[in-house]
Amino acid sequence: MSDNVFDILKERGLIAQTSDDDAVRKMLGNDPIVFYIGFDSTATSLHIGSLVPIMAMKHLQRAGHKPIAIVGGGTTMVGDPSGKAELRQMLTEETIREYGRQIHSQLDRYLHFDGKNCIAVDNADWLLKLNYVEFLRDIGRHFSVNRMLAAEAYRQRMEKGLSFIEFNYQLLQAYDFLYLFRNYGCTLQMGGDDQWGNILAGVDLIRRVDNVKVEAMTFPLLTLSTGAKMGKTASGTVWLDAEKFNPYDFYQYWINCDDRDLGPFLKTFTFLSMDEIKRLESLQGSELREAKQILAFEATIISHGKSAAREAKASSEAAFGTGGELDGMPTTTINRSRLEQGINPAELFAEVGLTGSRGEAKRLIKQGGLYINDQRIDSLERLVNENDLTPEGILLRSGKKKYHRVLAK
RNA sequence: GGGCAGGUACCAAAGUGGUCAAAUGGGGCGGGCUGUAAACCCGCUGGGGUAACCCUUCGGAGGUUCGAAUCCUUCUCUGCCCA
């Protein structure tokens with residue numbers, strides 16, 4: 001098999017479209033190139049959806065190419081209408097900066113910015129300085145409104161309405177590419193397939209103003225076999241930040257994936273060899289659990305490191321099988337005196353976040369959905385007290401698989 | 001700027017003075033069956049309370065009324081048509 005990273009991405013199903021397959025393959029097979037992906041600063045943390053571009057960047061990085069990550073302070077101020085049903089909430093400049101800082105440090109964990117072979121830039125640095133009229137004359141004139149309106153991304157929005165600010169997003173993203181091309185020699189932009197239009201706009205722009213052919217590549221948008229969008233669970237969005245989304249829960253997210261998603265997930269979210277992946281995919285029935293454990297372990301290592309992954313794995317095994325330590329389990333420590341008095345379980349479950357409210361906890365108790373140390377709570381009268389305290393603490397469970405450990409001090 | 005139609009819970013969408021914490025569908029959650037999977041069946045789905053009941057919610061703010069998601073005023077946002 002070829003060691004051209006293009007072929008690796010292709011084999012893993014990570015390529016949706018390119019501007020020119022042969023040209024892209026050739027450029028990736030030769031000397032190191034500079035490429036970029038943009039990340040919006042719309043939240044304090046990236047979520048699992050950003051993992052696809054991150055993995056792709058890592059693949060190219062491993063092959064010796066030089067990544068640039070744009071943390072999009074400038075473009076975020078405008079807001080990308082692609083794939084959005086309506087105008088999204090406008091964030092203040094200050095908020096966007098703060099989000100950008102956090103996202104920058106997260107990306108750093110994956111990519112290790114060194115300021116030279118791997119850098120992060122904020123497009124606010126150049127976009128905010130643009131002069132409006134000058135920009136219109138130099139850049140705006142290269143964009144055909146007719147053509148933009150024909151694009152799927154905008155056509156959808158013709159129904160719901162599209163504000164002028166959003167309509168400009170594409171110009172700014174195209175300009176980013178031009179800027180990076182001129183200042184960093186960046187010749188390839190990648191992104192999710194929903195970005196195809198925006199990315200191509202940049203390719204076109206560079207061809208028109210600098211008469212150079214640069215390239216574009218997009219990744220397929222991962223949807224689950226159930227049709228749902230990836231990355232939502234009962235505990236909310238699957239964030240990449242360990243503070244916002246516990247590594248144990250992260251591990252469980254992968255364990256709980258649908259059988260049908262296993263193969264694509266292994267290819268996309270781990271660096272396992274294709275041979276190994278083929279072996280895992282061929283497993284049948286309950287053996288698939290083993291494959292899911294490997295998926296979960298590998299994916300957790302990439303995002304949270306080896307020791308967190310080990311803890312998560314051990315806790316998962318402790319909760320669902322035999323043996324293993326519970327140390328990676330989300331844990332809350334409470335005052336021993338409260339146990340001595342006895343705690344209303346509804347209160348405790350709500351407090352540790354296993355249920356959204358006491359009312360919900362009570363409902364679940366009535367439905368037989370809450371457990372203490374794997375024993376169903378069968379009465380609203382029951383209190384949690386010292387007798388429930390095991391050497392491992394008290395293991396609370398909501399439903400089949402949401403666990404939380406309580407320690408007393 | 002003018003005219004019209006709208007803003008209801010996570011989403012979509014009923015409701016047009018009390019019987020509305022608000023139909024229905026989706027989603028989500030719990031139970032059963034399983035493999036920590038899918039499909040399927042049953043149940044739940046604002047907060048507090050064992051309960052009676054209390055509190056908060058129908059774009060925002062005022063008002064009418066014994067009583068408002070429902071009527072009035074005003075503000076605001078969105079869509080459509082005209083300019």
Side-chain angles (χ1 to χ4, degrees), chain A residues 81 84-90 156-166 223-238 248-266 280-297 299-300 312-324 326 328-330 342-347 349-351 353-372 374-383 395-404:
Chain A
K84 298 276 181 303
E86 46 204 74
L87 177 63
R88 83 172 110 202
Q89 182 95 43
M90 291 277 245
Q156 278 177 9
R157 291 295 299 277
M158 297 309 283
E159 315 265 322
K160 275 267 183 181
L162 176 70
S163 80
F164 188 64
I165 183 172
E166 298 175 279
T223 44
L224 302 180
S225 52
T226 53
K229 227 184 180 167
M230 225 186 133
K232 296 283 184 189
T233 69
S235 350
T237 305
V238 183
Y248 167 82
D249 290 322
F250 187 83
Y251 180 92
Q252 285 299 313
Y253 176 79
W254 301 105
I255 288 273
N256 285 316
C257 77
D258 191 291
D259 286 3
R260 292 167 292 177
D261 293 323
L262 182 62
F265 279 12
L266 284 165
L280 294 172
E281 275 183 300
S282 70
L283 296 175
Q284 293 296 318
S286 59
E287 287 176 337
L288 283 171
R289 240 176 43 244
E290 181 209 336
K292 288 181 184 176
Q293 281 164 356
I294 292 171
L295 164 69
F297 187 60
T300 308
K313 186 174 197 290
S315 303
S316 173
E317 282 166 359
F320 293 97
T322 46
L326 286 173
M329 182 83 62
I343 307 171
N344 181 321
E347 183 183 327
F349 273 86
E351 186 179 327
L354 231 34
T355 62
S357 65
R358 287 152 167 255
E360 187 186 340
K362 279 185 208 153
R363 249 190 330 264
L364 287 175
I365 290 173
K366 283 179 196 156
Q367 295 179 98
L370 295 188
Y371 309 76
I372 294 169
D374 283 323
Q375 285 233 276
R376 179 172 280 166
I377 301 175
D378 47 15
S379 145
L380 288 170
E381 316 284 291
R382 187 206 198 290
L383 292 179
L395 193 58
L396 303 182
R397 167 153 71 102
S398 164
K400 283 171 197 157
K401 44 200 182 194
K402 275 179 293 172
Y403 282 94
H404 197 100

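Residue numbers begin at 1 in each chain, while the letters A, B, ... track the order of the sequences. All of these numbers come straight from a predicted model, not from anything done at the bench.
Side-chain atoms of A:Glu351 and A:Ile343, non-hydrogen and from C-beta on, never get closer than 4.5 Å to each other. Between A:Leu280 and A:Leu295, the closest side-chain pair of non-hydrogen atoms is not below 4.5 Å. Side-chain contact check for A:Ile372 versus A:Arg382: some heavy-atom pair is nearer than 4.5 Å.
Here CG of A:Asp249 is found 13.0 Å from OH of A:Tyr403. Values are rounded to the nearest 0.5 Å.
Of all nucleotides present, only B:rC82 satisfies the Watson-Crick or G-U wobble test against B:rG1, with each distance under 3.5 Å. With a cut-off of 3.5 Å on both pairing distances, the Watson-Crick or G-U wobble partner of B:rG25 is B:rC11. In this entry B:rC71 has B:rG63 as its Watson-Crick or G-U wobble partner, both defining distances falling under 3.5 Å. Base-pair partner of B:rC40: B:rG32 (Watson-Crick or G-U wobble, both distances under 3.5 Å). The partner of B:rG17, taking Watson-Crick or G-U wobble pairs whose two distances both stay under 3.5 Å, does not exist in any strand shown.
Rounded to whole Å, atom P of B:rA37 lies 9 Å from atom CG of A:Asp259. When rounded to the nearest whole Å, the span between CD of A:Gln284 and P of B:rG35 equals 15 Å. The CG atom of A:Leu354 sits 13 Å away from the P atom of B:rC29 (whole-angstrom rounding). We find that CG of A:Leu262 is positioned 13 Å from C1' of B:rG35, with the value rounded to whole Å. The NZ-C1' distance, from A:Lys401 to B:rG31, rounds to 14 Å in whole Å. In this structure, CG of A:Leu295 is placed 21 Å from P of B:rG35, rounded to the nearest angstrom. One can place CZ of A:Phe349 at 19 Å from C1' of B:rG48, the figure rounded to the nearest angstrom. Separating the CD atom of A:Gln293 from the P atom of B:rG35 is a distance of 15 Å, rounded to the nearest angstrom.
The 5' end of RNA chain B is approached more closely, in terms of each residue's nearest nucleotide, by A:Leu288 than by the other of A:Arg358 and A:Leu288. Both A:Asp258 and A:Ser398 lie close to RNA chain B; mapped to their nearest nucleotides by heavy-atom distance, the more 5′-ward contact belongs to A:Ser398.
Between the base of B:rG31 and the side chain of A:Gln367 there is no donor-acceptor pair shorter than 3.5 Å. Contact of A:Glu360 with B:rU45 (side chain to base): no donor-acceptor pair of N or O atoms is detected under 3.5 Å. Donor-acceptor pairing under 3.5 Å, judged by distance alone, is absent between the side chain of A:Ser286 and the base of B:rU34.
Taking atom C1' in both B:rG28 and B:rA9, one finds a spacing of 13 Å when rounded to whole Å. Atom name P, nucleotides B:rG1 and B:rG17: the rounded distance is 35 Å, in whole Å. Annotation: B:rC20 and B:rA14 have their C1' atoms spaced 12 Å apart (nearest Å). For the C1' atom pair drawn from B:rA37 and B:rA23, the interatomic distance equals 35 Å after rounding to whole Å. Between B:rA13 and B:rU36, the two C1' atoms lie 36 Å apart (nearest whole Å). B:rG60 and B:rC77 have their P atoms separated by 15 Å, with the value rounded to a whole Å. Taking atom P on both nucleotides, B:rA38 is separated from B:rG32 by 15 Å, rounded to a whole Å. For B:rU65 and B:rU73, the C1' atoms lie 16 Å apart once the distance is rounded to whole Å.
Taking 4.0 Å as the cut-off between side-chain N and carboxylate O, A:Lys292 and A:Asp259 count as a salt-bridged pair.
Comparing B:rU36, B:rC29, B:rG35 by their closest approach to the side chain of A:Lys402 singles out B:rC29. Here the side chain of A:Arg363 is nearest to one of B:rC33, B:rC44, B:rA37, namely B:rC44. Each of B:rU36, B:rG31, B:rG35 was ranked by its minimum atom distance to the side chain of A:Ile255; first place goes to B:rU36. Ranking B:rG35, B:rG30, B:rG48 by closeness to the A:Ser357 side chain, first place goes to B:rG48. Comparing atom distances between the A:Lys362 side chain and each of B:rG48, B:rA38, B:rU50 picks out B:rU50 as nearest. Checking B:rG30, B:rA37, B:rG31 against every side-chain atom of A:Leu364, the shortest atom distance belongs to B:rG30. When distances are taken from the side chain of A:Arg289 to each of B:rC29, B:rC44, B:rG35, the shortest belongs to B:rG35.
If you check every strand for non-hydrogen atoms under 4.0 Å, A:Tyr371 touches sugar and phosphate atoms only. Among the atoms of the strands shown, base atoms are found under 4.0 Å from some heavy atom of A:Gln252. Here A:Arg376 lies in heavy-atom contact (under 4.0 Å) with sugar-phosphate atoms only. Residue contacts for A:Lys366: at a heavy-atom cut-off of 4.0 Å it reaches the sugar-phosphate backbone alone, with no base atom in range. Residue A:Gly399 is classed as a sugar-phosphate contact, given heavy-atom separations below 4.0 Å to backbone atoms only.
A:Trp254 and A:Phe265 have perpendicular rings, their planes meeting at more than 60° on a 0 to 90° scale where under 30° would count as parallel.
Applying the salt bridge (charged side-chain N to carboxylate O under 4.0 Å, His left out) rule to pairs touching residues 355-366 of chain A yields A:Glu347-A:Arg358, sequence neighbours excluded.
With sequence neighbours left out, A:Asp378 forms a salt bridge (Lys or Arg N to Asp or Glu O under 4.0 Å) with no residue at all.
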